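Encoded as structure tokens, the structure appears first; notes follow it.
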Amino acid sequence: MKSVYERVKARDPDQPEFHQAVEEVLDSLGPVIEDNPEFMDVVKGMVEPERVIQFRIPWYDDDGNLHVNRGFRVQFNSAIGPYKGGLRFHPSVNLSILKFLGFEQVFKNSLTGLPMGGGKGGSDFDPKGKSDSEVMRFCQSFMSELWRHIGADLDVPAGDIGVGGREIGYLFGMYRKLANEFTGVLTGKGLPYGGSLIRPEATGYGLVYFAREMLATKDKSFDGATVAISGSGNVAQFACEKVLDLGGKPVTMSDSSGYIYDEAGIDRDKLAWIMDLKNNRRGRIKEYSENFDGVDFTESKPEPNLNQLWATNVDVALPCATQNEVNGDEAKMLVDSGVMAVAEGANMPCTPEAVEVFLENGVLFAPGKASNAGGVATSGLEMSQNSLRMSWSRDEVDQKLEGIMVNIHKNAYNTADRYGMPGNYVAGANIAGFLKVAEATMAQGIL
Ligand code: NDP
């Protein structure tokens, strides 16, 4: 296993996020390879994407200036279904980040129990501060290349950071025009053109369903629990809503400029205000502290400063912003303030050191590939509805989502138990996700 990791590092030495994601999975797979030595060849293949596409995206801003961004699609693994995974538009996007996200997606999609392979894509374009028409021109240019590489039975992208309903709409429109067909080639679509009810809510709701199951193993619940949430985008907003549904009290939210701490709790009215701020006015979270009394705003500071959001005294922490936002020292701050559970809403928000701190201190810890799988699961349900040419009700989709999250929890929990690591959801999720892909790969032959 060590030699596989060393080879990955030597081949692409400038891809630290990808190395991190691979190392974490390989660390868990030892006992599986002991039982099934033939799976070693599967592992060797799985760390290399099946295909990587990189392309140029020229677009003009409102003042007539040309910009040239870079676009990517990483088609990582299609052993159990068409490639499936989001598109991220953020200035930090590069191949290392997209390969880490695509690799994680393979295991996550397998865990949902639905027939979806793994992929990820995006661009270093920054939608912040751009007009709607600039975003539209960018999306059209992006899709003018991507469309030839995707398809309802081939690769079905969705949203991620910086790609919400607006962007999916522009991307879908361009695909439809170029391909001259109306198919479920993207998920996260608007309701009038093939979207699914509950898809916007799914990742955040699913995260809280998973955390609820995890808490229940220790006879705990969200009722009366204080909760720290980071981020204030799609995942954070709906995690906050579901925490409120279950009787919890969210006290923090953040964006890249800093975080707010509201001791009285972010209630439904305040959450509606945040949703309007972020989704319609596209403002900064600092404005929350200017609008509501008794709220502190703390500006974010670059490393090595610690993010004091994680020093907040809470029962549950839900990091929902971005990768590597909780390091080992920040994890210790959470442990010192008595946190009992941490569930990742974002992808890989906790560094390996942070995860170790949680596990060593008996904190319940849910890795994103299990706890944030509700988004892609509901995307899978959107694909089914598109193929069936029908749409299910809000309650039907929510019930299916809840059932999937309960199953993912059970699968990760039982698998960890079976391999002698009770309560270790990291190992449980990695092994359970791997087994299905490994069996499918062996059955189809190494390709
Ligand atoms: P959004 O773009 O809606 O929101 C992202 C939030 O995180 C914003 O508040 C943003 O602040 C903050 N953020 C982004 N980058 C940074 C950074 N470098 N430093 C600090 N804050 C940052 O994205 P989503 O909510 O969709 O995604 C959040 C996370 O969840 C990502 O890791 C994503 O991969 C993961 N995820 C999302 C799914 C989905 O269905 N949307 C599914 C599964 C996982 P600002 O506006 O200032 O940038």
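Since we're looking at a predicted model, the values are computed, not measured. This chain uses plain numbering: 1 for the first residue, then up along the sequence.
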Donor-acceptor pairs under 3.5 Å, side chain of residues 237-244 to any protein atom, not counting sequence neighbours: which ones?
unit_1 : atom_1 : unit_2 : atom_2 : d
Gln237 : OE1    : Asn279 : ND2    : 3.1
Gln237 : NE2    : Ser232 : O      : 3.0
Gln237 : NE2    : Asn279 : OD1    : 3.0
Glu241 : OE2    : Tyr205 : OH     : 2.5
Lys242 : NZ     : Tyr209 : OH     : 3.3
Lys242 : NZ     : Asp245 : OD2    : 3.3

Practice problem: Please check if the distance between the ring centroids of Phe138 and Phe125 is under 6.0 Å. | Solution: yes

Note to self: Other residues, nucleotides and ligands only: do more than 12 of their heavy atoms fall within 6.0 Å of CG on Asp153?
What the structure shows: no

Does the pair Glu287/Lys278 count as a salt bridge with the N-to-O cut at 4.0 Å? no

Applying side chain to side chain contact (heavy atoms under 4.5 Å, CB included) to Met174 and not counting sequence neighbours gives Gln140, Met143, Ser144, Leu178

Asp155 meets the salt bridge (charged side-chain N to carboxylate O under 4.0 Å, His left out) criterion, sequence neighbours left out, with Arg73

In short, salt bridge (Lys or Arg N to Asp or Glu O under 4.0 Å) pairs touching residues 202-227 with sequence neighbours left out are Arg212-Glu402

Test item: Leu87 and Leu171 side chains (from C-beta on) under 4.5 Å apart, heavy atoms
yes

Query raised in the report: Quick one: are Val135 and Glu167 in side-chain contact, heavy atoms under 4.5 Å?
Result: yes

All heavy atoms of Ser371 vs all of Ala366, minimum pair found to be OG-O, 3.5 Å

message = Do Val227 and Ile229 have side chains that approach each other closer than 4.5 Å (heavy atoms only, starting at C-beta)?
response = yes

Give a yes or no on whether the backbone of Val106 and the side-chain of Ser110 come within a donor-acceptor separation of less than 3.5 Å. no

Count the heavy atoms of every other residue, nucleotide or ligand shown that sit under 6.0 Å from CD of Glu263, and state whether that count exceeds 12. no

Those residues at least two apart in sequence (or on a different chain) that pass salt bridge (charged side-chain N to carboxylate O under 4.0 Å, His left out) with Arg176 are none

Contact between Val355 and Val426 at the side-chain level, heavy atoms closer than 4.5 Å - yes or no? yes

Could you tell me whether Asp160 and Lys120 have a side-chain N and a carboxylate O separated by less than 4.0 Å? yes

Taking CG in Asn180 as the centre, count heavy atoms belonging to other residues, nucleotides or ligands within less than 6.0 Å. Is the count above 12?
no

Using a 3.5 Å distance criterion without hydrogens, assess whether the side chain of Glu330 forms a donor-acceptor pair with backbone atoms of Asn307.
yes

(message) Ring centroids only, cut at 6.0 angstrom: are Phe182 and Tyr193 within range, meaning strictly under it?
(response) no

Return yes when atom CZ of Arg70 has more than 12 non-hydrogen atoms of other residues, nucleotides or ligands closer than 6.0 Å, and no otherwise. no

Residues pairing under ring pair (Phe, Tyr, Trp, His ring centres under 6.0 Å) where one sits in residues 306-332, two or more places apart or in two chains, turn out to be none

* To do: For residues Ser221 and Leu246, determine if any side-chain heavy atom of one lies less than 4.5 Å from a side-chain heavy atom of the other.
  => no

Residues passing the side chain to side chain contact (heavy atoms under 4.5 Å, CB included) test with Asn361, sequence neighbours excluded, are Val335, Val357, Val363

**Item:** Whether Gln75 side chain and His149 backbone form a donor-acceptor pair below 3.5 Å
**Value:** yes

Requested in this report: Without swapping roles, check the side chain of Glu134 against the backbone of Asp62 for a donor-acceptor pair under 3.5 Å.
Outcome: yes

Min side-chain heavy-atom separation Leu306-Asn327 under 4.5 Å | yes

Heavy-atom nearest pair, Gly102 first then Phe76, reads C-CD1, 3.7 Å

For Ile161, the side chain to side chain contact (heavy atoms under 4.5 Å, CB included) test, sequence neighbours excluded, returns Arg88, His90, Thr322

Considering only heavy atoms from C-beta outward, does the side chain of Lys369 approach that of Glu24 to under 4.5 Å?
yes

Rounded to the nearest 0.5 angstrom, the CG-CG distance for Leu277 and Asp255 is 8.5 Å

So side-chain hydrogen bond (donor to acceptor under 3.5 Å, both in side chains) across residues 376-397, not counting sequence neighbours, yields Thr187-Ser379, Lys189-Glu382, Lys189-Asn386, Ser196-Gln385, Arg199-Ser379, Glu201-Arg394, Ser393-Glu396

### Query
Quick check: does any side chain N or O of Ser78 sit under 3.5 Å from a backbone N or O of Gly117, one acting as donor and the other as acceptor?
no

When you check the side-chain N and O atoms of Lys270 and Asn291, is any donor under 3.5 Å from an acceptor? no

### Query
Ser141 side chain to Arg137 main-chain N or O, any donor-acceptor pair under 3.5 Å?
no

By ring-ring contact (aromatic ring centres under 6.0 Å, His included), Tyr259 pairs with (sequence neighbours left out) none

**Request:** For atom NZ of Lys286, decide whether the heavy atoms of other residues, nucleotides or ligands shown that lie under 6.0 angstrom number more than 12.
**Result:** no

inquiry  = Closer than 3.5 angstrom, by distance alone: can the side chain of Asn424 be matched with the main-chain N or O of Ala416 as a donor-acceptor pair?
reply    = no

Check your understanding: Is there a donor-acceptor pair under 3.5 Å between the side chain of Lys84 and the backbone N or O of Val156?
Key -> yes

| query | Quick one: does Asp262's side chain have a donor or acceptor within less than 3.5 Å of a partner on Val251's backbone? | reply | no

Requested in this report: Quick one: do Phe210 and Tyr425 satisfy ring pair (Phe, Tyr, Trp, His ring centres under 6.0 Å)? Show the steps, please.
Outcome: CA-CA 11 Å; Phe210 190 100; Tyr425 291 93; 5.8 Å; yes

### Task
Determine, step by step, whether Phe89 and Phe142 satisfy the ring pair (Phe, Tyr, Trp, His ring centres under 6.0 Å) criterion, reporting the C-alpha distance in whole Å, the side-chain angles of both residues, the deciding distance to 0.1 Å, and the verdict.
CA-CA 11 Å; Phe89 292 169; Phe142 183 85; 5.3 Å; yes

To the nearest 0.5 Å, atom OG of Ser123 lies from atom CG of Asn94 at 11.5 Å

Taking only distance into account, with no hydrogens and no angle test, what donor-acceptor pairs under 3.5 Å do side-chain atoms of residues 292-304 form with protein atoms, sequence neighbours excluded?
unit_1 : atom_1 : unit_2 : atom_2 : d
Ser300 : OG     : Ser256 : O      : 2.8
Ser300 : OG     : Ser257 : O      : 3.4

- request: Measure from the side-chain N and O atoms of Ser230 to the backbone N and O of Cys320, and report whether any donor-acceptor pair falls under 3.5 Å.
  value: yes

Residues passing the side chain to side chain contact (heavy atoms under 4.5 Å, CB included) test with Asp63, sequence neighbours excluded, are Asp61, Asn65

